[in-house]
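As the structure is a prediction and not an experimental result, all values here were calculated from the model. Below, read A as the first sequence line, B as the second, and so on, with proteins coming before strands; counting in each chain starts at 1.
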Protein chains: 2
Amino acid sequence: MAISLARQAGEVISLPKNPSDMFSVVAHRLGITPAAARFEKHAEVYWEDGPADHVYQVVSGAIRNYKLLSDGRCQITAFYLPGDVFGYDGEDQRQTSADAIADTSVRTVKRRLLENAATSDLTVAHYLLDLATENLKHQRDQIILLGRKTAAERVAAFLLEMDSRLKGDESMPLPMCRRDIGDYLGLTLETVSRVLSLLHGAGVLDFAGARHITLRNRTQLLSMEH
Amino acid sequence: MAISLARQAGEVISLPKNPSDMFSVVAHRLGITPAAARFEKHAEVYWEDGPADHVYQVVSGAIRNYKLLSDGRCQITAFYLPGDVFGYDGEDQRQTSADAIADTSVRTVKRRLLENAATSDLTVAHYLLDLATENLKHQRDQIILLGRKTAAERVAAFLLEMDSRLKGDESMPLPMCRRDIGDYLGLTLETVSRVLSLLHGAGVLDFAGARHITLRNRTQLLSMEH
DNA sequence: CGGTACCTTGAGCGGCTTCAACTCAAGTGG
DNA sequence: CCACTTGAGTTGAAGCCGCTCAAGGTACCG
(Lines give C-alpha, C1' and ligand atoms only; values in the text may rest on other atoms or scores of the structure.)
Protein backbone atom coordinates (compact mmCIF):
# COMPACT_ATOMS: atom_id res chain seq x y z
CA MET A 1 0.00 0.00 0.00
CA ALA A 2 3.03 2.22 -0.32
CA ILE A 3 2.19 4.49 -3.19
CA SER A 4 4.78 7.18 -3.48
CA LEU A 5 3.43 10.55 -4.51
CA ALA A 6 6.30 12.71 -3.41
CA ARG A 7 7.42 15.21 -6.01
CA GLN A 8 10.51 17.25 -5.92
CA ALA A 9 10.35 20.96 -5.41
CA GLY A 10 10.19 22.80 -8.67
CA GLU A 11 8.62 20.07 -10.72
CA VAL A 12 5.56 21.45 -12.36
CA ILE A 13 3.03 19.21 -13.97
CA SER A 14 0.78 20.55 -16.64
CA LEU A 15 -2.83 20.36 -15.59
CA PRO A 16 -6.11 20.28 -17.37
CA LYS A 17 -7.67 23.70 -16.92
CA ASN A 18 -10.95 22.31 -15.77
CA PRO A 19 -11.35 20.88 -12.28
CA SER A 20 -13.95 18.59 -13.80
CA ASP A 21 -11.08 16.43 -14.88
CA MET A 22 -9.88 16.02 -11.34
CA PHE A 23 -11.20 12.53 -11.05
CA SER A 24 -9.27 11.32 -14.05
CA VAL A 25 -6.08 12.99 -12.96
CA VAL A 26 -6.31 11.96 -9.34
CA ALA A 27 -7.26 8.45 -10.25
CA HIS A 28 -4.30 8.21 -12.57
CA ARG A 29 -1.90 9.62 -10.02
CA LEU A 30 -3.19 7.47 -7.20
CA GLY A 31 -3.54 4.41 -9.34
CA ILE A 32 -7.13 3.95 -8.27
CA THR A 33 -10.45 3.77 -10.03
CA PRO A 34 -13.21 6.01 -8.69
CA ALA A 35 -16.15 3.98 -7.47
CA ALA A 36 -19.36 4.25 -9.45
CA ALA A 37 -22.63 4.80 -7.64
CA ARG A 38 -26.23 5.47 -8.56
CA PHE A 39 -28.82 7.58 -6.79
CA GLU A 40 -32.46 7.35 -7.71
CA LYS A 41 -34.53 10.49 -7.92
CA HIS A 42 -35.04 11.89 -4.39
CA ALA A 43 -32.29 9.75 -2.90
CA GLU A 44 -30.06 11.52 -0.40
CA VAL A 45 -26.37 11.72 -1.20
CA TYR A 46 -25.38 13.28 2.14
CA TRP A 47 -27.05 15.34 4.80
CA GLU A 48 -26.25 18.17 7.17
CA ASP A 49 -24.16 17.14 10.19
CA GLY A 50 -23.26 13.85 8.53
CA PRO A 51 -19.65 12.88 7.90
CA ALA A 52 -17.95 14.32 4.83
CA ASP A 53 -16.35 11.09 3.69
CA HIS A 54 -16.60 11.24 -0.07
CA VAL A 55 -16.14 13.54 -3.00
CA TYR A 56 -18.31 13.06 -6.05
CA GLN A 57 -18.46 13.75 -9.74
CA VAL A 58 -21.76 13.71 -11.59
CA VAL A 59 -21.75 11.42 -14.59
CA SER A 60 -25.39 11.81 -15.53
CA GLY A 61 -28.47 13.23 -13.84
CA ALA A 62 -28.54 16.15 -11.42
CA ILE A 63 -27.97 16.87 -7.73
CA ARG A 64 -29.15 19.72 -5.56
CA ASN A 65 -27.19 20.98 -2.60
CA TYR A 66 -29.28 22.76 0.00
CA LYS A 67 -29.74 23.86 3.55
CA LEU A 68 -32.98 23.80 5.53
CA LEU A 69 -33.91 26.26 8.24
CA SER A 70 -35.75 24.93 11.26
CA ASP A 71 -39.13 26.09 9.97
CA GLY A 72 -38.78 24.48 6.58
CA ARG A 73 -37.40 27.36 4.58
CA CYS A 74 -34.93 26.00 2.06
CA GLN A 75 -31.99 27.55 0.27
CA ILE A 76 -30.40 25.61 -2.55
CA THR A 77 -26.75 26.61 -2.81
CA ALA A 78 -25.95 24.80 -6.03
CA PHE A 79 -27.12 22.42 -8.71
CA TYR A 80 -24.59 19.85 -9.85
CA LEU A 81 -24.80 18.67 -13.43
CA PRO A 82 -22.83 16.14 -15.48
CA GLY A 83 -19.12 16.82 -15.15
CA ASP A 84 -19.43 18.78 -11.91
CA VAL A 85 -17.34 17.77 -8.93
CA PHE A 86 -19.02 18.28 -5.57
CA GLY A 87 -18.95 17.30 -1.94
CA TYR A 88 -15.55 18.76 -1.05
CA ASP A 89 -15.42 21.87 1.07
CA GLY A 90 -12.59 21.07 3.46
CA GLU A 91 -14.81 20.39 6.44
CA ASP A 92 -15.26 17.12 8.31
CA GLN A 93 -18.97 17.55 8.90
CA ARG A 94 -21.46 18.37 6.16
CA GLN A 95 -22.88 21.86 6.41
CA THR A 96 -25.50 21.19 3.74
CA SER A 97 -27.55 18.32 2.41
CA ALA A 98 -27.56 16.94 -1.10
CA ASP A 99 -30.01 14.75 -2.95
CA ALA A 100 -30.72 13.64 -6.47
CA ILE A 101 -33.37 15.55 -8.41
CA ALA A 102 -33.29 12.94 -11.15
CA ASP A 103 -31.88 9.45 -11.44
CA THR A 104 -28.19 10.16 -11.19
CA SER A 105 -24.97 8.29 -11.54
CA VAL A 106 -21.77 9.55 -9.97
CA ARG A 107 -18.18 8.61 -9.47
CA THR A 108 -16.74 8.91 -5.99
CA VAL A 109 -13.41 8.89 -4.25
CA LYS A 110 -12.78 8.82 -0.53
CA ARG A 111 -12.10 12.29 0.77
CA ARG A 112 -9.30 11.02 3.01
CA LEU A 113 -7.53 9.58 0.01
CA LEU A 114 -7.72 12.94 -1.73
CA GLU A 115 -6.50 14.88 1.27
CA ASN A 116 -3.73 12.44 1.98
CA ALA A 117 -2.61 12.79 -1.59
CA ALA A 118 -2.80 16.56 -1.27
CA THR A 119 -0.38 16.57 1.64
CA SER A 120 2.38 15.17 -0.51
CA ASP A 121 1.32 15.83 -4.08
CA LEU A 122 1.28 19.38 -5.37
CA THR A 123 -0.84 18.47 -8.36
CA VAL A 124 -3.62 17.22 -6.16
CA ALA A 125 -3.26 20.14 -3.75
CA HIS A 126 -3.64 22.54 -6.66
CA TYR A 127 -6.66 20.73 -7.93
CA LEU A 128 -8.39 21.16 -4.62
CA LEU A 129 -7.47 24.83 -4.68
CA ASP A 130 -8.86 25.27 -8.19
CA LEU A 131 -12.03 23.52 -7.14
CA ALA A 132 -12.42 25.83 -4.14
CA THR A 133 -11.72 28.86 -6.34
CA GLU A 134 -14.45 27.90 -8.79
CA ASN A 135 -16.92 27.49 -5.98
CA LEU A 136 -15.92 30.83 -4.48
CA LYS A 137 -16.63 32.52 -7.77
CA HIS A 138 -20.02 30.91 -8.16
CA GLN A 139 -20.99 31.71 -4.58
CA ARG A 140 -19.91 35.31 -4.99
CA ASP A 141 -22.18 35.71 -8.00
CA GLN A 142 -24.99 34.12 -6.04
CA ILE A 143 -24.48 36.60 -3.19
CA ILE A 144 -24.87 39.54 -5.57
CA LEU A 145 -27.96 37.93 -7.05
CA LEU A 146 -29.61 37.17 -3.72
CA GLY A 147 -28.68 40.44 -2.07
CA ARG A 148 -29.49 42.94 -4.76
CA LYS A 149 -31.27 41.60 -7.82
CA THR A 150 -34.97 41.67 -8.65
CA ALA A 151 -37.02 38.58 -9.40
CA ALA A 152 -36.78 39.12 -13.17
CA GLU A 153 -33.01 39.62 -12.98
CA ARG A 154 -32.62 36.46 -10.93
CA VAL A 155 -34.60 34.33 -13.35
CA ALA A 156 -32.71 35.80 -16.31
CA ALA A 157 -29.42 34.94 -14.63
CA PHE A 158 -30.66 31.45 -13.91
CA LEU A 159 -31.69 30.86 -17.52
CA LEU A 160 -28.33 32.04 -18.79
CA GLU A 161 -26.49 29.92 -16.26
CA MET A 162 -28.42 26.81 -17.24
CA ASP A 163 -28.07 27.68 -20.91
CA SER A 164 -24.31 27.60 -20.59
CA ARG A 165 -24.21 24.49 -18.42
CA LEU A 166 -26.88 22.29 -19.97
CA LYS A 167 -26.02 21.66 -23.55
CA GLY A 168 -29.17 20.41 -25.19
CA ASP A 169 -29.47 20.64 -28.96
CA GLU A 170 -32.05 23.37 -29.06
CA SER A 171 -34.01 23.48 -25.84
CA MET A 172 -32.68 23.22 -22.30
CA PRO A 173 -33.97 20.13 -20.52
CA LEU A 174 -34.26 21.51 -16.97
CA PRO A 175 -33.91 18.74 -14.42
CA MET A 176 -35.40 20.79 -11.55
CA CYS A 177 -38.93 21.85 -10.70
CA ARG A 178 -40.12 25.43 -10.20
CA ARG A 179 -39.86 25.13 -6.45
CA ASP A 180 -36.19 24.18 -6.74
CA ILE A 181 -35.54 27.13 -9.01
CA GLY A 182 -37.24 29.36 -6.45
CA ASP A 183 -35.24 27.87 -3.59
CA TYR A 184 -32.09 28.50 -5.59
CA LEU A 185 -32.99 32.09 -6.42
CA GLY A 186 -34.48 33.12 -3.08
CA LEU A 187 -37.97 33.34 -4.60
CA THR A 188 -41.21 31.38 -4.46
CA LEU A 189 -42.16 28.93 -7.15
CA GLU A 190 -45.08 31.18 -8.13
CA THR A 191 -42.80 34.14 -8.75
CA VAL A 192 -40.51 32.01 -10.90
CA SER A 193 -43.49 30.81 -12.89
CA ARG A 194 -44.80 34.33 -13.36
CA VAL A 195 -41.48 35.67 -14.61
CA LEU A 196 -41.11 32.76 -17.02
CA SER A 197 -44.62 33.41 -18.36
CA LEU A 198 -43.75 37.07 -18.77
CA LEU A 199 -40.58 36.21 -20.68
CA HIS A 200 -42.52 33.77 -22.82
CA GLY A 201 -45.08 36.44 -23.60
CA ALA A 202 -42.27 38.82 -24.53
CA GLY A 203 -40.88 36.28 -26.98
CA VAL A 204 -37.64 35.86 -25.06
CA LEU A 205 -38.16 32.14 -24.68
CA ASP A 206 -40.33 29.26 -25.82
CA PHE A 207 -41.64 26.27 -23.95
CA ALA A 208 -41.84 22.66 -25.08
CA GLY A 209 -43.40 21.51 -21.85
CA ALA A 210 -42.58 23.34 -18.64
CA ARG A 211 -39.16 21.74 -18.30
CA HIS A 212 -37.94 22.31 -21.83
CA ILE A 213 -37.09 25.92 -22.53
CA THR A 214 -35.60 27.41 -25.67
CA LEU A 215 -33.95 30.80 -25.39
CA ARG A 216 -34.92 33.06 -28.28
CA ASN A 217 -33.20 36.25 -27.22
CA ARG A 218 -30.10 35.82 -25.12
CA THR A 219 -29.13 39.43 -25.66
CA GLN A 220 -32.21 40.65 -23.88
CA LEU A 221 -31.65 38.19 -21.04
CA LEU A 222 -28.10 39.45 -20.69
CA SER A 223 -29.30 43.03 -20.49
CA MET A 224 -31.89 42.01 -17.92
CA GLU A 225 -29.34 40.25 -15.77
CA HIS A 226 -27.48 43.52 -15.23
CA MET B 1 -7.57 19.67 7.24
CA ALA B 2 -4.40 18.18 8.58
CA ILE B 3 -2.25 20.73 10.29
CA SER B 4 1.00 18.95 9.93
CA LEU B 5 2.51 18.32 6.58
CA ALA B 6 5.31 16.15 5.36
CA ARG B 7 7.82 18.32 3.60
CA GLN B 8 10.48 15.79 3.00
CA ALA B 9 10.46 12.26 4.28
CA GLY B 10 10.35 12.45 8.04
CA GLU B 11 10.21 16.20 8.44
CA VAL B 12 6.91 17.44 9.77
CA ILE B 13 6.09 21.08 10.17
CA SER B 14 3.35 22.09 12.53
CA LEU B 15 1.18 24.89 11.28
CA PRO B 16 -0.92 27.49 12.97
CA LYS B 17 -4.57 26.48 12.59
CA ASN B 18 -5.60 29.95 11.59
CA PRO B 19 -4.99 31.29 8.09
CA SER B 20 -4.58 34.68 9.73
CA ASP B 21 -1.05 33.64 10.48
CA MET B 22 -0.32 33.02 6.84
CA PHE B 23 1.67 36.16 6.50
CA SER B 24 4.07 35.22 9.26
CA VAL B 25 4.50 31.70 7.99
CA VAL B 26 4.86 32.62 4.36
CA ALA B 27 7.21 35.44 5.16
CA HIS B 28 9.34 33.11 7.20
CA ARG B 29 9.38 30.42 4.56
CA LEU B 30 10.10 32.83 1.74
CA GLY B 31 12.53 34.86 3.75
CA ILE B 32 10.68 38.07 2.99
CA THR B 33 9.06 40.76 5.03
CA PRO B 34 5.53 41.73 4.05
CA ALA B 35 5.32 45.37 3.01
CA ALA B 36 3.38 47.70 5.26
CA ALA B 37 0.85 50.08 3.76
CA ARG B 38 -1.72 52.53 5.01
CA PHE B 39 -5.10 53.43 3.55
CA GLU B 40 -6.98 56.45 4.78
CA LYS B 41 -10.71 56.25 5.29
CA HIS B 42 -12.44 55.98 1.89
CA ALA B 43 -9.21 55.10 0.07
CA GLU B 44 -9.54 52.36 -2.53
CA VAL B 45 -7.45 49.25 -2.05
CA TYR B 46 -8.40 47.67 -5.38
CA TRP B 47 -11.26 47.88 -7.81
CA GLU B 48 -13.28 45.69 -10.12
CA ASP B 49 -11.47 44.74 -13.34
CA GLY B 50 -8.17 45.91 -11.91
CA PRO B 51 -5.20 43.56 -11.63
CA ALA B 52 -5.09 41.20 -8.65
CA ASP B 53 -1.45 41.78 -7.80
CA HIS B 54 -1.40 41.73 -4.03
CA VAL B 55 -2.73 39.86 -1.06
CA TYR B 56 -3.37 41.77 2.16
CA GLN B 57 -3.71 41.32 5.87
CA VAL B 58 -5.46 43.91 7.98
CA VAL B 59 -3.36 45.12 10.89
CA SER B 60 -5.76 47.78 12.14
CA GLY B 61 -8.84 49.49 10.78
CA ALA B 62 -11.44 47.91 8.50
CA ILE B 63 -11.99 47.17 4.81
CA ARG B 64 -15.15 46.52 2.87
CA ASN B 65 -15.27 44.32 -0.20
CA TYR B 66 -18.15 45.06 -2.54
CA LYS B 67 -19.61 44.92 -6.00
CA LEU B 68 -21.63 47.64 -7.68
CA LEU B 69 -24.39 47.04 -10.21
CA SER B 70 -24.65 49.45 -13.11
CA ASP B 71 -27.48 51.42 -11.52
CA GLY B 72 -25.69 51.95 -8.23
CA ARG B 73 -27.02 49.04 -6.22
CA CYS B 74 -24.26 47.76 -3.98
CA GLN B 75 -23.63 44.42 -2.37
CA ILE B 76 -20.90 44.15 0.22
CA THR B 77 -19.51 40.62 0.21
CA ALA B 78 -17.30 40.91 3.27
CA PHE B 79 -15.87 43.16 5.94
CA TYR B 80 -12.22 42.61 6.75
CA LEU B 81 -11.08 43.31 10.29
CA PRO B 82 -7.71 43.15 12.05
CA GLY B 83 -6.10 39.78 11.43
CA ASP B 84 -8.13 39.01 8.31
CA VAL B 85 -6.33 38.07 5.13
CA PHE B 86 -8.02 39.26 1.96
CA GLY B 87 -7.49 39.93 -1.71
CA TYR B 88 -6.73 36.38 -2.81
CA ASP B 89 -9.33 34.51 -4.80
CA GLY B 90 -7.23 32.83 -7.46
CA GLU B 91 -8.25 35.15 -10.27
CA ASP B 92 -6.06 37.54 -12.24
CA GLN B 93 -8.63 40.27 -12.49
CA ARG B 94 -10.53 41.67 -9.51
CA GLN B 95 -14.19 40.74 -9.51
CA THR B 96 -14.97 43.13 -6.65
CA SER B 97 -13.76 46.42 -5.26
CA ALA B 98 -12.37 47.10 -1.83
CA ASP B 99 -11.90 50.29 0.14
CA ALA B 100 -11.12 51.38 3.65
CA ILE B 101 -14.06 52.27 5.90
CA ALA B 102 -11.67 53.63 8.51
CA ASP B 103 -8.03 54.57 8.52
CA THR B 104 -6.43 51.20 7.99
CA SER B 105 -2.99 49.72 7.98
CA VAL B 106 -2.24 46.47 6.21
CA ARG B 107 0.59 44.17 5.35
CA THR B 108 0.91 42.99 1.77
CA VAL B 109 2.73 40.38 -0.24
CA LYS B 110 2.82 40.08 -3.99
CA ARG B 111 0.36 37.52 -5.22
CA ARG B 112 2.82 36.14 -7.73
CA LEU B 113 5.27 35.44 -4.94
CA LEU B 114 2.62 33.53 -3.06
CA GLU B 115 1.51 31.54 -6.06
CA ASN B 116 5.06 30.78 -7.09
CA ALA B 117 5.72 29.53 -3.62
CA ALA B 118 2.55 27.46 -3.76
CA THR B 119 3.74 25.59 -6.84
CA SER B 120 6.70 24.18 -4.99
CA ASP B 121 5.84 24.46 -1.32
CA LEU B 122 3.06 22.33 0.10
CA THR B 123 2.80 24.45 3.21
CA VAL B 124 1.95 27.52 1.20
CA ALA B 125 -0.37 25.59 -1.11
CA HIS B 126 -2.27 24.34 1.90
CA TYR B 127 -2.50 27.78 3.37
CA LEU B 128 -4.14 29.04 0.23
CA LEU B 129 -6.55 26.13 0.35
CA ASP B 130 -7.41 26.82 4.00
CA LEU B 131 -7.98 30.45 3.15
CA ALA B 132 -10.30 29.53 0.29
CA THR B 133 -12.14 27.08 2.54
CA GLU B 134 -12.77 29.72 5.18
CA ASN B 135 -14.15 32.06 2.57
CA LEU B 136 -16.36 29.36 1.14
CA LYS B 137 -17.85 28.77 4.55
CA HIS B 138 -18.54 32.43 5.14
CA GLN B 139 -20.05 32.88 1.71
CA ARG B 140 -22.28 29.85 2.17
CA ASP B 141 -23.68 31.32 5.38
CA GLN B 142 -24.24 34.60 3.59
CA ILE B 143 -26.17 32.85 0.82
CA ILE B 144 -28.57 31.30 3.35
CA LEU B 145 -28.97 34.68 5.01
CA LEU B 146 -29.61 36.61 1.80
CA GLY B 147 -31.81 33.98 0.23
CA ARG B 148 -34.09 33.02 3.07
CA LYS B 149 -33.81 35.14 6.20
CA THR B 150 -35.98 38.03 7.34
CA ALA B 151 -34.66 41.49 8.12
CA ALA B 152 -34.65 40.81 11.88
CA GLU B 153 -32.83 37.50 11.41
CA ARG B 154 -30.22 39.15 9.21
CA VAL B 155 -29.49 41.91 11.69
CA ALA B 156 -29.32 39.39 14.54
CA ALA B 157 -26.83 37.32 12.56
CA PHE B 158 -24.81 40.42 11.80
CA LEU B 159 -24.64 41.45 15.44
CA LEU B 160 -23.51 37.99 16.50
CA GLU B 161 -20.92 37.87 13.73
CA MET B 162 -19.48 41.22 14.73
CA ASP B 163 -19.66 40.29 18.40
CA SER B 164 -17.41 37.32 17.76
CA ARG B 165 -15.03 39.17 15.47
CA LEU B 166 -14.72 42.57 17.15
CA LYS B 167 -13.40 42.12 20.61
CA GLY B 168 -14.16 45.31 22.45
CA ASP B 169 -14.17 45.26 26.25
CA GLU B 170 -17.87 45.71 26.67
CA SER B 171 -19.38 47.33 23.63
CA MET B 172 -18.67 46.58 19.99
CA PRO B 173 -17.10 49.50 18.19
CA LEU B 174 -18.66 49.07 14.74
CA PRO B 175 -16.45 50.55 12.03
CA MET B 176 -19.20 50.64 9.41
CA CYS B 177 -22.22 52.89 8.90
CA ARG B 178 -25.84 51.76 8.64
CA ARG B 179 -25.74 51.87 4.86
CA ASP B 180 -22.80 49.48 4.82
CA ILE B 181 -24.61 47.11 7.15
CA GLY B 182 -27.61 47.26 4.84
CA ASP B 183 -25.48 46.66 1.76
CA TYR B 184 -23.95 43.67 3.51
CA LEU B 185 -27.31 42.21 4.56
CA GLY B 186 -29.27 42.97 1.40
CA LEU B 187 -31.40 45.57 3.20
CA THR B 188 -31.77 49.33 3.24
CA LEU B 189 -30.13 51.45 5.89
CA GLU B 190 -33.59 52.41 7.19
CA THR B 191 -34.56 48.80 7.76
CA VAL B 192 -31.32 48.15 9.63
CA SER B 193 -31.96 51.18 11.79
CA ARG B 194 -35.52 50.12 12.52
CA VAL B 195 -34.52 46.60 13.55
CA LEU B 196 -31.78 47.95 15.80
CA SER B 197 -34.25 50.33 17.44
CA LEU B 198 -36.63 47.44 17.95
CA LEU B 199 -33.92 45.32 19.56
CA HIS B 200 -32.93 48.25 21.74
CA GLY B 201 -36.53 48.67 22.83
CA ALA B 202 -36.70 44.97 23.64
CA GLY B 203 -33.63 45.26 25.86
CA VAL B 204 -31.55 42.99 23.65
CA LEU B 205 -28.89 45.62 23.17
CA ASP B 206 -27.75 49.02 24.38
CA PHE B 207 -26.27 51.93 22.50
CA ALA B 208 -23.39 54.17 23.48
CA GLY B 209 -23.65 56.23 20.33
CA ALA B 210 -24.91 54.63 17.15
CA ARG B 211 -21.63 52.84 16.47
CA HIS B 212 -21.07 51.37 19.93
CA ILE B 213 -23.44 48.52 20.69
CA THR B 214 -23.50 46.32 23.76
CA LEU B 215 -25.27 42.99 23.48
CA ARG B 216 -27.44 42.31 26.54
CA ASN B 217 -29.05 39.08 25.46
CA ARG B 218 -27.05 36.92 23.08
CA THR B 219 -29.36 33.98 23.72
CA GLN B 220 -32.29 35.83 22.26
CA LEU B 221 -30.23 36.95 19.29
CA LEU B 222 -29.19 33.36 18.67
CA SER B 223 -32.79 32.24 18.73
CA MET B 224 -33.71 35.10 16.38
CA GLU B 225 -31.00 34.25 13.93
CA HIS B 226 -33.52 31.79 12.78
C1' DC C 1 -57.32 6.48 -19.75
C1' DG C 2 -57.16 8.23 -14.55
C1' DG C 3 -54.15 9.74 -10.95
C1' DT C 4 -50.90 12.74 -9.23
C1' DA C 5 -47.33 15.86 -9.09
C1' DC C 6 -46.25 19.94 -11.26
C1' DC C 7 -47.36 24.31 -13.20
C1' DT C 8 -49.99 28.54 -14.07
C1' DT C 9 -52.77 32.31 -12.90
C1' DG C 10 -55.50 35.39 -9.94
C1' DA C 11 -56.52 38.24 -5.77
C1' DG C 12 -55.20 40.17 -1.60
C1' DC C 13 -51.77 40.92 1.79
C1' DG C 14 -47.52 42.27 4.07
C1' DG C 15 -42.58 43.21 4.75
C1' DC C 16 -39.37 45.93 3.12
C1' DT C 17 -38.38 50.00 0.32
C1' DT C 18 -38.92 54.69 -0.92
C1' DC C 19 -39.38 59.28 0.09
C1' DA C 20 -39.19 62.76 3.37
C1' DA C 21 -38.59 65.24 7.68
C1' DC C 22 -36.20 65.75 11.68
C1' DT C 23 -32.41 64.93 15.21
C1' DC C 24 -27.76 64.50 16.52
C1' DA C 25 -22.75 64.79 16.60
C1' DA C 26 -18.50 66.44 14.78
C1' DG C 27 -15.82 69.77 12.31
C1' DT C 28 -15.00 74.69 10.61
C1' DG C 29 -14.53 79.41 10.52
C1' DG C 30 -16.30 83.83 12.16
C1' DC D 1 -17.92 80.30 21.89
C1' DC D 2 -21.47 79.98 18.74
C1' DA D 3 -23.52 79.88 13.81
C1' DC D 4 -23.17 77.04 10.07
C1' DT D 5 -22.28 72.93 7.50
C1' DT D 6 -22.14 68.17 6.66
C1' DG D 7 -22.59 63.28 7.27
C1' DA D 8 -25.01 59.91 9.87
C1' DG D 9 -28.94 58.05 12.20
C1' DT D 10 -33.86 57.78 13.44
C1' DT D 11 -38.60 57.79 12.57
C1' DG D 12 -42.96 58.24 9.96
C1' DA D 13 -46.11 57.54 5.93
C1' DA D 14 -47.12 55.66 1.63
C1' DG D 15 -46.19 52.45 -2.05
C1' DC D 16 -44.69 48.33 -4.37
C1' DC D 17 -42.64 43.90 -5.23
C1' DG D 18 -42.83 39.46 -4.10
C1' DC D 19 -45.42 36.29 -0.91
C1' DT D 20 -49.52 33.74 0.53
C1' DC D 21 -53.54 31.50 -0.33
C1' DA D 22 -56.53 29.46 -3.57
C1' DA D 23 -58.36 27.53 -7.82
C1' DG D 24 -57.81 25.52 -12.07
C1' DG D 25 -54.95 23.63 -15.83
C1' DT D 26 -51.30 20.57 -17.81
C1' DA D 27 -48.12 16.88 -18.49
C1' DC D 28 -46.31 12.75 -17.35
C1' DC D 29 -46.80 7.81 -15.97
C1' DG D 30 -49.00 4.04 -14.11
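Here Arg194(B) lies in heavy-atom contact (under 4.0 Å) with a base.
Toward the 5′ end of DNA chain C lies the nearest nucleotide of Phe207(A), the other residue of the pair Phe207(A) and Thr150(B) mapping further downstream. Mapping Arg211(A) and Lys149(B) onto DNA chain C by nearest heavy atom places Arg211(A) at the nucleotide closer to the 5' end.
When the shell of 6.0 Å around CD of Gln93(A) is examined, it contains more than 12 heavy atoms from other residues, nucleotides or ligands.
Listed by first then second residue, pairs satisfying salt bridge (Lys or Arg N to Asp or Glu O under 4.0 Å) with a partner in residues 193-206 of chain B read Asp206(B)-Arg216(B), not counting sequence neighbours.
Taking the side chain as every heavy atom from C-beta outward, Val106(A) and Val59(A) never approach each other to under 4.5 Å. Looking only at side-chain heavy atoms (C-beta outward), Val192(B) and Leu196(B) come within less than 4.5 Å of each other. The side-chain heavy atoms of Ser24(B) and Arg107(B), taken from C-beta on, include a pair separated by under 4.5 Å.
Thr214(B) pairs by the side-chain hydrogen bond (donor to acceptor under 3.5 Å, both in side chains) definition with nothing, not counting sequence neighbours. By the side-chain hydrogen bond (donor to acceptor under 3.5 Å, both in side chains) test, His200(B) is found to be paired with no residue, residues two or more places apart in sequence or in another chain being considered. Thr150(B) is linked by a side-chain hydrogen bond (donor to acceptor under 3.5 Å, both in side chains) to Glu153(B), counting only residues two or more places apart in sequence or in another chain. Residues that satisfy the side-chain contact (heavy atoms from CB on, under 4.5 Å) test with Ala98(B), not counting sequence neighbours, are Val45(B), Tyr46(B), Ile63(B), Asn65(B). Leu222(A) meets the side-chain contact (heavy atoms from CB on, under 4.5 Å) test with Leu160(A), Glu225(A); sequence neighbours excluded. A search for side-chain contact (heavy atoms from CB on, under 4.5 Å) contacts involving Arg211(A) returns Cys177(A), not counting sequence neighbours.
For the segment residues 62-82 of chain B, the set of residues with a heavy atom within less than 4.0 Å of an atom of DNA chain C is empty. A heavy atom lying under 4.0 Å from DNA chain C marks the following residues of residues 180-191 of chain B, by number: Gly186(B), Leu187(B), Thr188(B), Glu190(B), Thr191(B).
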Any protein N or O atoms within reach of nucleotides 26-30 of chain D? Criterion: under 3.5 Å, listing atom names and distances.
none

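In this structure, Phe39(A) and Tyr56(A) have perpendicular ring planes: the angle between them is above 60°, well past the 30° mark. Relative ring orientation between Tyr184(B) and Phe158(B) is described as perpendicular, the plane-to-plane angle rising above 60° on a 0-90° scale split at 30° and 60°.
Checked by atom type, the side-chain pair His226(A)/Arg73(B) shows a donor-acceptor distance below 3.5 Å.
We find that CZ of Arg179(A) is positioned 13 Å from C1' of dC21(D), with the value rounded to whole Å. Rounded to whole angstrom, the span from the CG atom of Leu196(A) across to the C1' atom of dG25(D) amounts to 17 Å. In this structure, the CZ atom of Arg178(A) is 19 Å from the P atom of dG25(D), given to the nearest Å. Between Leu198(A) atom CG and dG18(D) atom C1' the separation is 13 Å, expressed in whole Å.
For the helix from dC1(C)-dG30(D) to dG30(C)-dC1(D), the terminal axes (five pairs an end, C1' atoms, rotation from four pairs onto the next four) enclose an angle of 30°, given to 10 degrees.
Contact footprint of chain A on DNA chain C: nucleotides with an atom under 4.0 Å from a non-hydrogen protein atom, first to last in 5' to 3' order, dC6(C) to dA11(C).
Formation of a donor-acceptor pair under 3.5 Å by the Gln75(B) side chain with backbone atoms of Asp183(B) is found in this model.
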- Message: Could you walk me through whether Asp53(B) and Lys110(B) satisfy the salt bridge (Lys or Arg N to Asp or Glu O under 4.0 Å) test, starting with their C-alpha distance in whole Å, then the side-chain angles of each, then the deciding distance to 0.1 Å, before giving a yes or no?
- Response: CA-CA 6 Å; Asp53(B) 290 338; Lys110(B) 288 201 160 56; over 6 Å; no
